[in-house]
Amino acid sequence: MITDARRRPGIERAFAVAAVVGGVLAVIAGSPTRPTRGSVDVTELARIVEHEEDHVTATELAKWIRDDKRGLRVLDIRADSEFDDFHIPGATRVPLAEIARMPLDSAGTYVLYSEGGTHAAQGWFLLRARGVKNVFFLRGGLYEWLEQVMNPRVASTTPQAERDSIRAITLWFGGKMTVVDSTTTTTTPSALDGELSAPHKSDARETIRKIRRRAC
Amino acid sequence: MMAPLYEFGRFGDGTGLVIAVLLGIAFGWFLEQGGMGNARKLAGQFYFTDLSVLKLMFTAIVTAMLGLFWLSWAGLLDLSRVYVPETFIAPQLVGGLVFGVGFATGGLCPGTSCVAAATGRKDGLALIAGMFAGVFVFGEAFPAIGHFADSTARGAWTLPQAVGLSYGTVVGVMVAVALGAFAGAEWLERRAERPAHRMKIAA
């Protein structure tokens, strides 16, 4: 209402001018996010990779999640549908492109995983380049998680204490440990050993389906 | 520190609810201060005699839009974590029409009916009752209309995506549209103040 005595034309004009300035600058800026530049110390990165300090095992990650490790953020860089199907508890779905520009907590610990390990390793590089020190990836990806945490197969010769520790973790995440007769297998078979090829996608799907059924 | 603070776990659900209550009270307070609890004032918009609602809405939109854009640009806000309501074109057109009829008839929208009720206005209370009745009827009728309610889904669809322009350009255009709307609204209000026009409305 123009007869309102509380109106202050001066202030209104100032606000209008501020809006115009903000709007015009926005057109010039174009995008609300600025390009992210990072830099890496190549020697340092090579050393980290060589010393295998760039990744965690699924079991380590499981312990971190269980113990509520301070500042831990687990990032799932698979497709939305795959994430909806199954993901590591507490993980956030983040597309790889988002890794390049998402806000970061430089003091946090980031763990990346993909289906295998390649995309996660690439994401690891991006986060390192953006200056995060504590970044790790799951080398065997979700396959490794399914094998080591959700459905571990432990040889019957494995010491009782170690077996109990594995069972405790597996039960915590709602998985199921199987004891395998040591005469048929001497070690825990793993996709990482190189003796076994990485499981097929359909195998992983089948495992996920079983886990989901169990949860219901 | 990065916003949205809740999304980044800076506070939990309990604190979030307390903050929501405080923000809600502040929102209602300022709506009332702006005269938005008065159905006559709100209805004036549909007769082009008082366009306070239009000016208030556009002010809020432009303020929030510029704030979000520049906070994101400054690296203080992660826009991808800001919730964007999903678009369902056909059901939202019908919903908008129903909403508009209710707004013009009752003189209040859901938010302002709460404000009106809080100050003891009976029309506000009646509209809140209507709102709950509407929610109930919609819920009961959902099996029959659910198919339509879910149709023409576009997901979280933003203006820059829809028109294929950059965020910044859309922000600039919206500022221009808002300022144009303010000028137009003031002109309409001045016209409504003129005695000759008043007579015409009365007749």
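Below, read A as the first sequence line, B as the second, and so on, with proteins coming before strands; counting in each chain starts at 1.
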- Winner by heavy-atom pair count (cut-off under 4.5 Å) against chain A, out of Asp78(B), Val170(B), Leu165(B): Asp78(B)
- Top contributor to chain A contacts, counting heavy-atom pairs under 4.5 Å, from Phe182(B), Trp70(B), Tyr167(B): Trp70(B)
Flag yes if more than 12 heavy atoms outside [X] fall under 6.0 Å of its [atom1] atom; otherwise flag no.
X	atom1	answer
Glu50(A)	CD	no
Phe27(B)	CZ	no
Tyr83(B)	OH	yes
Phe125(A)	CZ	no
Phe148(B)	CZ	yes
Trp29(B)	CH2	no
Phe11(B)	CZ	yes
Arg66(A)	CZ	yes

- Who among Ala18(A), Ser31(A), Gly23(A), Ala26(A) has the most heavy-atom pairs with chain B under 4.5 Å? Ala26(A)
- Do Val20(A) and Leu179(B) touch side chain to side chain, with heavy atoms closer than 4.5 Å? yes
- Message: With heavy-atom distances below 4.5 Å as the criterion, would you say the side chains of Thr33(A) and Ser72(B) are in contact?
- Response: yes
What pair of heavy atoms forms the shortest contact from [X] to [Y], and how long is it?
X	Y	answer
Ala29(A)	Trp73(B)	CB-NE1, 4.1 Å
Ala19(A)	Val62(B)	CB-CG1, 4.1 Å
Leu66(B)	Gly22(A)	CD2-C, 3.6 Å

- Rounded to the nearest 0.5 angstrom, the OG1-CD distance for Thr59(B) and Glu12(A) is 8.5 Å
- Would you sort out whether Val171(B) and Val27(A) count as a side chain to side chain contact (heavy atoms under 4.5 Å, CB included), showing the intermediate values? CA-CA 7 Å; Val171(B) 168; Val27(A) 176; over 6 Å; no
- The interface call for Leu25(A) against chain B, heavy-atom contacts under 4.5 Å, is both
